[in-house]
Amino acid sequence: MASKDLSAPFTLYAATYSICSLMVLMTYEMRGTPREGRPEMKLARKFIDISIHAREQLSEFFLLKVNPKGTVPVLVNERLLEKPIAESVDISYYIADWYPTLLPPQHEQVIKELIFELHEISYKLLTFGTKTKYPHLNRDWLLEQAKRTDISDEYRKALEYKAELTRGWADHHSEEDLAENEARTRDFCAKILALMEKRPEAKDRFTYIFGPEPTVLDAHAVVFFGRVYDKERLDLLPPILVKWHESIRNTDLWKRAVPDGTTLPPAW
């Protein structure tokens with residue numbers, strides 16, 4: 001690590017329709033005031049195209065220099081981080097350490113428990129349904145690229161590593177898998193509603209899950225609800241949470257965190 005210059009800018013590699021990228025972006029937008037002694041976190045957004053038409057997350061630069069797993073989001077800062085942070089939850093907690101109102105001590109345990117539960121839900125399954133060829137298509141592409149004679153040995157090994165990672169990614173799921181994730185979604189919603197019932201504000205006033213200040217749980221939950229909302233699966237969202245999501249969706253906060261206004265690409 002070259003220095004501890006807290007003013008050194010961060011770069012967040014993200015994708016416009018990556019739900020985990022949007023969760024991190026929303027966390028940053030809800031950040032509040034920095035911890036005492038720290039400046040504002042400077043965050044540059046680097047959007048890449050992860051569609052099957054571009055696959056920028058599988059480029060030589062990205063696999064060798066940013067994230068060998070070929071996924072987004074990734075937080076990079078050569079001065080402050082020993083290595084890039086390549087998981088949305090870890091990035092969000094790093095931001096929360098910088099901005100402590102995102103993870104207040106009195107709610108930290110329940111926030112972490114519910115974020116863990118939320119990320120156990122298969123966003124891919126809820127988004128694309130029980131049949132998708134994307135993992136299979138990407139693995140075939142990776143193996144074909146690795147056969148090229150005009151690439152470096154380092155890139156070839158990176159492609160083979162990524163192909164191996166995708167081996168266990170199912171192209172198809174059962175209806176039972178889908179039903180299980182729908183049940184997890186309803187259970188998560190019920191727990192969020194139970195927390196909202198404890199808020200000190202009047203129930204018809206705009207507020208966040210624990211009160212007037214947003215937390216990292218708000219950031220991840222409102223984006224997840226956005227994906228369910230965009231898929232028109234309102235049967236999974238209680239009306240109160242639909243209203244809550246819409247109240248945030250209609251703000252500049254949502255516009256800054258969700259650059260296209262929706263969590264879904266145009267084809268979906």
Side-chain angles (χ1 to χ4, degrees), residues 19-33 35 88-123 125-127 178-258 261-264:
I19 186 171
C20 290
S21 293
L22 299 178
M23 287 173 172
V24 170
L25 289 166
M26 184 62 76
T27 299
Y28 181 73
E29 292 300 335
M30 290 183 167
R31 61 192 181 275
T33 303
R35 184 179 298 279
S88 60
V89 173
D90 294 338
I91 297 171
S92 295
Y93 288 150
Y94 184 86
I95 296 172
D97 181 67
W98 202 288
Y99 296 92
T101 58
L102 287 169
L103 193 61
Q106 68 272 30
H107 301 306
E108 180 174 354
Q109 181 176 349
V110 68
I111 287 173
K112 288 187 172 180
E113 287 175 354
L114 286 176
I115 283 183
F116 177 82
E117 289 185 24
L118 174 58
H119 285 268
E120 288 292 292
I121 296 171
S122 173
Y123 311 137
L125 185 52
L126 290 180
T127 301
L178 178 58
E180 178 184 348
N181 281 275
E182 290 171 340
R184 288 180 177 180
T185 299
R186 292 188 176 97
D187 183 60
F188 177 78
C189 289
K191 291 177 179 179
I192 295 298
L193 280 176
L195 290 173
M196 286 181 165
E197 289 295 322
K198 300 177 182 179
R199 295 177 301 190
E201 291 82 5
K203 291 183 176 59
D204 60 347
R205 284 183 56 192
F206 172 80
T207 186
Y208 295 100
I209 293 171
F210 296 99
E213 297 291 336
T215 70
V216 65
L217 180 59
D218 291 274
H220 284 231
V222 77
V223 170
F224 172 64
F225 295 156
R227 174 58 60 87
V228 178
Y229 184 95
D230 290 335
K231 282 295 294 182
E232 300 181 350
R233 289 299 311 272
L234 299 186
D235 57 301
L236 297 176
L237 295 179
I240 293 176
L241 292 183
V242 173
K243 182 179 179 180
W244 179 69
H245 168 74
E246 289 177 339
S247 69
I248 296 177
R249 193 183 185 96
N250 293 323
T251 65
D252 289 339
L253 184 72
W254 181 267
K255 294 175 184 177
R256 293 194 300 270
V258 185
T262 176
T263 69
L264 287 176

Stepwise, does the side-chain contact (heavy atoms from CB on, under 4.5 Å) test hold for Leu237 with Arg233?
-> CA-CA 7 Å; Leu237 295 179; Arg233 289 299 311 272; over 6 Å; no
Going through the distances and angles, do Leu126 and Lys231 end up as a side-chain contact (heavy atoms from CB on, under 4.5 Å)?
-> CA-CA 8 Å; Leu126 290 180; Lys231 282 295 294 182; over 6 Å; no
May I have the step-by-step check of side-chain contact (heavy atoms from CB on, under 4.5 Å) for Met26 and Leu253, ending in yes or no?
-> CA-CA 8 Å; Met26 184 62 76; Leu253 184 72; 3.9 Å; yes
Take Leu114 and Leu195 through the side-chain contact (heavy atoms from CB on, under 4.5 Å) test and state the conclusion after the steps.
-> CA-CA 11 Å; Leu114 286 176; Leu195 290 173; 3.5 Å; yes
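Of the options Thr263, Leu118, Ile115, Val222, a side-chain contact (heavy atoms from CB on, under 4.5 Å) to Met23 is made by Leu118 and by none of the others.
A donor-acceptor pair under 3.5 Å links the side-chain atoms of Asn250 to the main chain of Glu246, judged by distance alone. Remark: side-chain polar atoms of Arg256 are not paired, donor with acceptor, to backbone N or O of Glu29 under 3.5 angstrom. No donor-acceptor distance shorter than 3.5 angstrom exists from the side chain of Trp98 to the backbone of Arg35, with no hydrogens or angles considered.
To the nearest 0.5 Å, atom CG of residue Leu102 and atom CG of residue Leu217 are 11.0 Å apart. Note: Thr262 OG1 to Leu22 CG = 9.0 Å, rounded to the nearest 0.5 Å. Ile209 contributes atom CD1, which lies 9.5 Å from atom CG of Leu193 (distance to the nearest 0.5 angstrom). To the nearest 0.5 Å, the span separating CD1 on Ile91 from OH on Tyr94 amounts to 11.0 Å. With rounding to the nearest 0.5 Å, the separation of CD in Glu213 from CG in Asp218 is 10.0 Å. Taken from CZ in Arg227 to NE2 in His245, the straight-line distance is 11.5 Å, to the nearest 0.5 Å.
Annotation: side chain of Leu125 is not in contact with side chain of Glu180 (no heavy-atom distance under 4.5 Å). Residues Tyr93 and Lys112 meet the side-chain proximity criterion, which asks for heavy atoms closer than 4.5 Å. Within the 4.5 Å cutoff, side-chain heavy atoms of Leu234 are placed close to those of Tyr229. At a threshold of 4.5 Å between non-hydrogen side-chain atoms, the residues Asp230 and Arg249 count as touching.
For the residue pair Phe210 and Arg199, the shortest heavy atom distance occurs at C-CG, 4.0 Å. Taking every heavy atom of both residues into account, Cys189 and Leu241 meet most closely at CB-CD1, 3.6 Å. Heavy atoms only, all atoms of each residue included: Pro104 and Ile111 are closest at CD-CD1, 4.1 Å. Taking each heavy atom of Asp97 and Pro100 in turn, the nearest pair found is O-CD, 4.4 Å. Across every non-hydrogen atom of Ser88 and Val24, the tightest pair is O-CG2, 3.6 Å. Across Thr207 and Trp244, no two heavy atoms sit closer than the pair O-NE1, 2.9 Å.
Asn181 and Ser122 form no side-chain donor-acceptor contact under 3.5 Å, judged by distance and modelled atom types alone. A donor and an acceptor atom, one from each side chain of His107 and Thr215, are nowhere located under 3.5 Å apart.
The side-chain tip of Arg31 points at the ring of Tyr28 from less than 6.0 angstrom away and within 45° of straight on.
Counting heavy atoms of neighbouring residues, nucleotides and ligands inside a 6.0 Å radius, atom CD of Glu232 does not exceed 12 of them. Sparse packing is recorded around CD1 of Ile240, with 12 or fewer heavy atoms of other residues, nucleotides or ligands lying under 6.0 Å away. Annotation for Gln106: atom CD counts as buried by contact number, over 12 foreign heavy atoms lying within 6.0 Å.
We find that Glu117 and Lys191 are joined by a salt bridge, their nearest charged nitrogen and carboxylate oxygen being less than 4.0 Å apart.
In this pair, Phe224 and Tyr123 present their aromatic rings tilted. The plane angle is within the 30 to 60° band.
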